[in-house]
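Working notes, beginning with the structure itself.
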There are 2 protein chains.
Amino acid sequence: MKGIRRLAEHLSISIGTVSRALNGRPDVNEATRRRVLDAAAELGYVPNQAGRTLRQGTTNAVGFMMEAGADTSGNPDNFFFGVFDGVQAVLSRHQLDLVVLPCATDEDPTEYLRRMIARRLVDALIISATHRKDPRVELLNKAHVPFIALGRTGTPSDHPWIDLDFEGVANRAVDRLVAKGHRSIAVAVPSSDINLGVIFLQAYKEALARHGIAFDQSLVIYTSSSEQGGYQAAHELIGMAQRPTAILLVYELMAIGFYRGLRDAGLNPGQDVAVIAFRESPLSRFLSPALTCFRVSLRDVGIGLGESLLASMPAYADIYPQGIVRRVWPMELVEGDSDNARSS
Amino acid sequence: MKGIRRLAEHLSISIGTVSRALNGRPDVNEATRRRVLDAAAELGYVPNQAGRTLRQGTTNAVGFMMEAGADTSGNPDNFFFGVFDGVQAVLSRHQLDLVVLPCATDEDPTEYLRRMIARRLVDALIISATHRKDPRVELLNKAHVPFIALGRTGTPSDHPWIDLDFEGVANRAVDRLVAKGHRSIAVAVPSSDINLGVIFLQAYKEALARHGIAFDQSLVIYTSSSEQGGYQAAHELIGMAQRPTAILLVYELMAIGFYRGLRDAGLNPGQDVAVIAFRESPLSRFLSPALTCFRVSLRDVGIGLGESLLASMPAYADIYPQGIVRRVWPMELVEGDSDNARSS
DNA sequence: GACAGTTTCGTAAACGTTTACGACGCTATA
DNA sequence: TATAGCGTCGTAAACGTTTACGAAACTGTC
């Protein structure tokens, strides 16, 4: 005899009552409820999840899909782990667990997601590394799985999302550089079709326009979001006919490679070329020169994701009545020494 | 009508036959099997996991537990993602999925694991960030959940594990530094009770002894495994009465902070203080000077973990007959410019 | 043509829960 | 005292699978 039956037999009551007692139903005597709770603790009983799931169609878990091979891999793990922590802080309030679903590099993300949905391992999903055209959105909509995206797609009105405020970053970064006398500002964005790059580039263009600076396509460097990508960016920048005096890097890891690339050519980052990057990480202050960058509380982003996701789940919608959430998350400028004024 | 019943009705055969056809049982006509497979594809049928789990007691998923707050967080995510990729390569051969279970920073890892075991979300587990005394081992043994640890504990004979060859690293690093004329070699290890530090420190002592160098406790710097920790290590090293001419760093991220700390004091890493670190990452070659460090194929480690885990699962033991696996994984020296010969 | 053996398939039980439904005993009211 | 209402609990069905068991049809052998 196992499971709830054992518990019921041990207490000489029916399994129905045991179940109701454990689940906090009102129609059970407080005295018996206490007996059940005590016995459960004593016998170490925990309800079998498969049984519950089968009966109620709910798994009490939400998934976070990520792609190791995606162009977000430039992010130190602190990025995702920080977000996880915030998400869990919200989920744990409702006895929900977070499981991370890593899509293997050699598997198609959409197929992977399809399988995960079919598996019914989780009740709801968070997807990350959104692309401009992301078939996963349609997949999730069709399957009626509540979800939220960390990052916008090309059709942001089709789904709930939370994204970082890349527009704000581009604006403030350009403003700051222009104020310091820079007129020729390069930008390094990921060469993949990850949406972040597109959004940032657009905002960069508009920021330039505000200052009456003509957009120059040749100042856009498409590269990988890694140290290697930063190194390559430096190489390209140095090779330009008119060398830009400043550059924006979308990933802080690129700064390491960029610094190195500059130095290998006898140039000094921060002096010969001003650098602004995001996101802030422990890295930023320990590079020399310290990196001017933008900070965001990943835990807060995670909390936002968690609450917004619950809001889109029928069972929790009344507790989180914010409806469909689509918002950008502000980032805060962190001044470093990498973007000093133009020397000449 | 839903699920397998719908499929059976659509084909006018029994659900038993449908199930057998889908699961590759031999006692089903090849023609009907084909019909079933086709219909399943057409109707988009995938078996409900809760139903299967309930019936066969198996979830077809294995878990990877990690702690965001643990002292391994110094690792760039490439570390774990690389490992995941290898694990998945093995698991996918058997239709098994990998789910990552991130323990929140404010939750006790052992309690978290207990909950995850009770939940029966997965058939087997990989645990990481092992401590000297790690109650999770006993927990898993008692629950009879097949598992393997990435990292040794203080009682390594109690469980299967795979770990990096820290002894080999310590040996070769010390040999190399000694060969270049260094006699005063500091070491920075994590201040937490994560087992890695203990193992490495022990191997470092023995390597020194082989060269007839007395172990000096004051040359051991306990710090956090992060850029900040590296910076602090530099600070401590500079403050020593007799400044060591070399240092071993257990995490490559520490090198960034260490370099900075040295430079803030007017010293040059690689010249004034030789540095060797592990693990190699993209970071290593783009730092200046390039970091001498040790490389390991994370994917291979993941493959090793996956195969060894399957070997300890009754259902797969005949396919992977290697028994209980306890082994260290070799690491390969990558020469950089951070550990040049002693100048004086 | 009887019989054994094989192939193929249907039937129904089982996995561990939750929950709708109804039964029972008790209290309070008329 | 009859009745209604309430609190408490037991019964049994249902969730979607897999699989043991047995039945039916077919094959081949003597």
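Quick note on labels: first sequence line is chain A, next is B, and so on, each numbered from 1.
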Could you state the atom-to-atom distance from [atom1] of [X] to [atom2] of [N] in whole Å?
| X | N | atom1 | atom2 | result |
| --- | --- | --- | --- | --- |
| B:L11 | C:dG10 | CG | P | 10 Å |
| B:R55 | C:dA13 | CZ | C1' | 8 Å |
| B:L54 | D:dT17 | CG | P | 12 Å |
| A:L22 | C:dG16 | CG | C1' | 13 Å |
| B:E9 | C:dT11 | CD | C1' | 17 Å |

Counting any heavy atom closer than 4.0 Å, what does [X] reach on the DNA or RNA strands: base, sugar-phosphate only, or nothing?
| X | value |
| --- | --- |
| B:T53 | nothing |
| A:G3 | sugar-phosphate |
| A:D27 | base |
| A:N48 | sugar-phosphate |
| A:R20 | base |

Look at [X] together with [Y] and state whether they make a salt bridge at an N to O cut-off of under 4.0 Å.
| X | Y | value |
| --- | --- | --- |
| A:K142 | A:E138 | yes |
| A:R25 | A:D27 | no |
| B:R6 | B:E9 | no |

Would a line drawn from the ring center of A:H10 to the ring center of A:Y45 be shorter than 6.0 Å? no

Is there a side-chain polar atom (N or O) of A:N23 under 4.0 Å from OP1 or OP2 of C:dT18? yes

Would you indicate, yes or no, if D:dT19 has its OP1 or OP2 atom less than 4.0 angstrom from a side-chain nitrogen or oxygen of B:Q56? yes

Just compare [options] and give me whichever is closest to any side-chain atom of [X].
| X | options | answer |
| --- | --- | --- |
| A:R52 | C:dT17, D:dT18, D:dC9 | C:dT17 |
| A:R5 | C:dG16, C:dC9, C:dT18 | C:dG16 |
| A:T17 | D:dG10, D:dT17, C:dC9 | D:dG10 |

Within the structure provided, determine whether B:V46 and A:R114 are in side-chain contact (heavy-atom separation under 4.5 Å).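 Answer no - side chains too far apart.
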
B:R33 or B:G51: which one's nearest nucleotide on DNA chain C is closer to the 5' end?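 So the residue in question is B:R33.
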
